Amino acid sequence: MTGTPADVARYFYWSQRRIDRIAEDNRITVQRTGSTKMKSPAGPFLPGVEVDRPRPAMSRPEIADRIERHLAGVTVRDFVTPPPVRFAAGLGTLSFAEFVNFGKRENIVSIFTDSTASDGTHVAVGMFGSKDNLADIIAGAQTTDTGWSSSAANHIFGFISSFGRTVASGSDREEIAREAINLLTHQGGGIGEGEKRGFTYGHIGEHGEWLMEAYLDVEIDYPPYDRIVVGAPLWVRTASPQALVLYQDGPPEPAPRRRSWWRRRPG
């Protein structure tokens, strides 16, 4: 989503802190500062008047456009390049759920999507970010606390809290990848169960655009997936806000989903 469509997008997740850090590290200007001086012409009986008008802050689409353009060379959209990726982006269906750690709802939203590369590689993509960055319409939605939750949640929590630097003793990065996707697709029930699935806000059907910073990228035999990417979202947006389905509102229309999304069962 570039150019005109981004100008009418609705942002359902926006990580200002992460965007500011990337901008600062890479000297990307993402806020207009200062002011514009305007001077009226002086007449024969009136002095010229100088007025300071503050320049408005940049809009989210403007900031996103600058970040995207700067990261274009390191952002993967077609997963035909070998791991690891630094940044990844895509367009498709995304599900939003709470992160549950041994019965405790952490202040974390989990976002799942998947992608098929042009060479046929099936990629599972898991994103974990602060609930504070969710749009109010999602953050304020009710979820149910029924269904399965992961016994590996604490290991996953430690990994994402350390920005991918810490792997629990007795585990490894491939195991974290497997468990993260198992949690993302089956916590509270299978991802294809819609409003019956616990701990889940809802989904954006087909039209969700995302950009993430990757912590983990592994080629792995985890049917139906050949590769798993885990990290943190910079933003999730859509030019079709009506594509958002909240499960608190009752049974949604069936969302177009890849059959592979619910083939895996927790083990």
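Computed from a predicted structure; not experimentally measured.
The side-chain contact (heavy atoms from CB on, under 4.5 Å) check on Arg27 picks up nothing, with sequence neighbours excluded. Residues that satisfy the side-chain contact (heavy atoms from CB on, under 4.5 Å) test with Ser169, not counting sequence neighbours, are absent from this structure. In terms of the side-chain contact (heavy atoms from CB on, under 4.5 Å) criterion, residue partners of Ser161 (sequence neighbours excluded) are, by chain and number, Phe157. With sequence neighbours excluded, no residue forms a side-chain hydrogen bond (donor to acceptor under 3.5 Å, both in side chains) with Arg10. By the side-chain contact (heavy atoms from CB on, under 4.5 Å) test, Arg173 pairs with Phe159, Val167, Leu216, sequence neighbours left out. Listed by chain and residue number, Asp65 satisfy the side-chain hydrogen bond (donor to acceptor under 3.5 Å, both in side chains) test with Arg69 (two or more places apart in sequence, or in another chain). When the ring pair (Phe, Tyr, Trp, His ring centres under 6.0 Å) test is applied to Phe12, no partner is found at least two apart in sequence or on another chain. By the side-chain hydrogen bond (donor to acceptor under 3.5 Å, both in side chains) test, Tyr13 pairs with Asn133, sequence neighbours left out. The side-chain hydrogen bond (donor to acceptor under 3.5 Å, both in side chains) test applied to Gln16 returns Trp14, Asp20, not counting sequence neighbours.
Gly140 and Gln248 make their closest contact through O-OE1, 4.4 Å (heavy atoms, listed as atom of the first residue, atom of the second, distance). In this structure, Val236 and Phe96 approach most closely via the heavy-atom pair CG1-CZ, 3.9 Å. Nearest approach of Glu179 to Ser150, heavy atoms of both residues: OE1-OG, 4.2 Å. Closest of all the heavy-atom pairs between Ile181 and Gly126 is CD1-N, 4.2 Å. Counting all heavy atoms, side chain and backbone alike, Leu94 lies closest to Gly208 at CD1-CA, 3.4 Å. Residues Ser130 and Val109 approach most closely at O-CG1, 4.0 Å, considering heavy atoms.
Contact check for Val125 versus Phe112: no side-chain heavy atoms found under the 4.5 Å cut-off. At least one side-chain heavy atom of Leu183 sits less than 4.5 Å from a side-chain heavy atom of Ile156. Residues Pro83 and Glu219 have side chains in contact (heavy-atom distance under 4.5 Å, counting atoms from C-beta outward). Counting heavy atoms from C-beta outward, Leu234 and Met212 have side chains that stay 4.5 Å or more apart. Side-chain contact between Trp210 and Leu91: absent, with no pair of heavy atoms (C-beta onward) separated by less than 4.5 Å. Between Thr116 and Thr121, the closest side-chain pair of non-hydrogen atoms is not below 4.5 Å. Taking 4.5 Å as the limit, some side-chain heavy atom of Glu68 sits within range of a side-chain heavy atom of Trp235. A heavy-atom distance below 4.5 Å is found between the side chains of Ile160 and Ile108.
Rounding to the nearest 0.5 angstrom, the gap separating the NZ atom in Lys104 from the OG atom in Ser149 is 14.5 Å. The distance from the CD1 atom of Ile204 to the CG atom of Leu244 is 6.0 Å, given to the nearest 0.5 Å. Between the CD1 atom in Ile67 and the CG atom in Leu211 there is a gap of 8.5 Å [rounded to 0.5 Å]. A distance of 5.0 Å separates OG in Ser110 from CG in Leu184, rounded to the nearest 0.5 Å. From Ser15, atom OG reaches atom CE of Met127 across 12.5 Å, with rounding to the nearest 0.5 Å. Considering OG1 of Thr200 and NZ of Lys196, their distance stands at 14.0 Å, rounded to 0.5 Å.
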Show your reasoning for whether side-chain contact (heavy atoms from CB on, under 4.5 Å) applies to Phe128 and Val230. CA-CA 8 Å; Phe128 298 90; Val230 176; 3.9 Å; yes
The test is side-chain contact (heavy atoms from CB on, under 4.5 Å); show your working for Phe99 and Asn107 and say whether it passes. CA-CA 7 Å; Phe99 185 99; Asn107 191 44; over 6 Å; no
One pair to check against side-chain contact (heavy atoms from CB on, under 4.5 Å): Ile228 and Tyr222. What are the steps and the verdict? CA-CA 9 Å; Ile228 294 174; Tyr222 187 82; 4.2 Å; yes
For Ile111 and Thr113, what are the C-alpha separation, side-chain angles and deciding distance, and is it a side-chain contact (heavy atoms from CB on, under 4.5 Å)? CA-CA 7 Å; Ile111 304 170; Thr113 188; 6.0 Å; no
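Summarising the local packing, CD of Gln242 is surrounded by more than 12 heavy atoms from other residues, nucleotides or ligands at distances under 6.0 Å.
Residue Val100 shares its hydrophobic cluster (ILVMFWY side chains chained together at separations under 4.5 Å) with Phe199.
In this structure, the side chain of Glu62 engages the main chain of Ser59 through a donor-acceptor pair within 3.5 Å. Judged purely by atom type and a 3.5 angstrom limit, Asp172 uses its side chain to pair as donor or acceptor with the backbone of Glu174. Side chain of Thr238 to backbone of Ser240: a donor-acceptor contact under 3.5 angstrom is found. Listed for the Arg66 side chain is no donor-acceptor partner under 3.5 Å among the backbone atoms of Pro61. When atom types are taken as modelled, the side chain of Thr166 and the backbone of Ser162 share no donor-acceptor pair closer than 3.5 angstrom. In terms of modelled atom types and a separation under 3.5 Å, the side chain of Thr93 and the main chain of Gly205 share no donor-acceptor contact. For Asn182 (side chain) and Arg178 (main-chain N/O), no donor-acceptor pair under 3.5 Å exists by modelled atom type.
When the side chains of ILVMFWY residues are joined at heavy-atom separations under 4.5 Å, either directly or via intervening members, Phe87 and Val80 end up in two distinct hydrophobic clusters. Both Val74 and Ile19 are members of a single hydrophobic cluster when ILVMFWY side chains are connected at heavy-atom separations under 4.5 Å.
Within the structure, the salt bridge (Lys or Arg N to Asp or Glu O under 4.0 Å) test picks out the following pairs touching residues 127-156 (sequence neighbours left out): Glu98-Lys131. The salt bridge (Lys or Arg N to Asp or Glu O under 4.0 Å) analysis of residues 221-235, with sequence neighbours excluded, yields the pairs Asp217-Arg227.
For the residue pair Arg60 / Tyr11, no side-chain donor-acceptor distance below 3.5 Å is found, with atom types taken as modelled.
A salt bridge between Glu213 and Arg86 is absent, with no side-chain N of the basic residue lying under 4.0 Å from a carboxylate O of the acidic one.
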